[in-house]
Amino acid sequence: MSTLWIGTSWKMTKTLDEGRAWAESLRDDLGGVAPTGVQPFVIPSFTATTAVGEVLGADSPVLLGVQNAHWEDAGAWTGEVSVPQAKDAGAQIVEIGHSERREHFGETVETTRRKVSATLRHGLTPLLCIGESLEVKDAGGSAEFILEQAAGALEGLSADQLSRVVIAYEPIWAIGEKGRPATVEELIEPFAALGEAYTGKVTGILYGGSVNLDNAAELLRIEHVTGLFVGRTAWELGGYLELLRIAEAHAAR
Ligand code: 13P
């Protein structure tokens, strides 16, 4: 059974103090050991990356990430952060192509492909987010759409490079306050398609979108799901710790 990746992006939330407090409590609760069968990860905002990394410590079992990075290593790209800079700040994971970035910041299949490539080139883990709109879902096109997003971003990778990629399927209609939790039934087909294409070839295939303490266990039971990528429920540390316990229990089955 694959290790279950259970992580959170803080999106644009938390001050430095709030971020440090969250990380300190996580560090103290874990005591230097990840729950059995679970790979925890946290993706703060850029300003908190280094601080969170320092609080967690160099030998932490919790992986640290950034929510975006540019495909160029350096240059005149005002407002952007490069993969080497993210690495310098302590990041091990680069989140790429979240639907909020596709919707509001012009992320495309082409930019996600370049960012995946830059991330791998510098030895970090790309966390590629894919997901369809309600319109696409209602037209019955979910699986085809997400397979196209993934194939476009992962085009040209060797088997070894692909094996370092983590995919997060996050249907847009299920994300955030305006979203609604997906039912298990709605996720069977997209995960069957992703599983057929990527199980055994990538590090993991995560689910994200309104994950909460009531649905986490059943989401983990869906075939081909090997982790959860969580927003709101994990922003309070208690919620995140509970998700880790649910995953640990699932891994022990
Ligand atoms: P929510 O869990 O708040 O719906 O957010 C999911 C998400 O977008 C994680 O990246």
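Indexing begins at 1, ligand by ligand and atom by atom, following the structure's order.
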Any side-chain to backbone donor/acceptor pair from Trp10 onto Arg232? Under 3.5 Å, distance only.
no

Ile205 backbone acceptor or donor facing Thr226 side chain under 3.5 Å
yes

How far is atom 6 (C) of ligand 1 from its nearest protein heavy atom, and which residue and atom name does that atom have?
Gly231 N, 3.8 Å

With sequence neighbours excluded, residues passing side-chain hydrogen bond (donor to acceptor under 3.5 Å, both in side chains) with Glu132:
Ser142, Tyr169, Trp173

In terms of side-chain geometry, is the basic nitrogen of Arg101 or Glu95 positioned less than 4.0 Å from the acidic oxygen of its partner?
no

Who's closest to atom 5 (O) of ligand 1 heavy-atom-wise, of Arg180, Glu170, Glu100, Lys11?
Lys11

May I ask whether [X] places a heavy atom under 4.0 Å from ligand 1?
{"X": "Gly208", "answer": "no"}
{"X": "Ser210", "answer": "yes"}
{"X": "Thr233", "answer": "no"}

Side-chain heavy-atom pair Tyr240, Pro40 within 4.5 angstrom cut-off
yes

Give the atom numbers and elements of ligand 1 that come within less than 4.0 Å of a heavy atom of [X].
{"X": "Arg232", "result": "1 (P), 2 (O), 3 (O), 4 (O)"}
{"X": "Gly176", "result": "1 (P), 4 (O)"}
{"X": "His98", "result": "7 (C), 8 (O), 10 (O)"}

Listed partners of Tyr198 passing ring-ring contact (aromatic ring centres under 6.0 Å, His included), at least two apart:
none

Nitrogen or oxygen of Ile175 less than 3.5 angstrom from that of ligand 1
no

Chi angles and distances behind the salt bridge (Lys or Arg N to Asp or Glu O under 4.0 Å) call for Arg245, Glu242:
CA-CA 5 Å; Arg245 313 264 169 271; Glu242 191 51 35; 5.5 Å; no

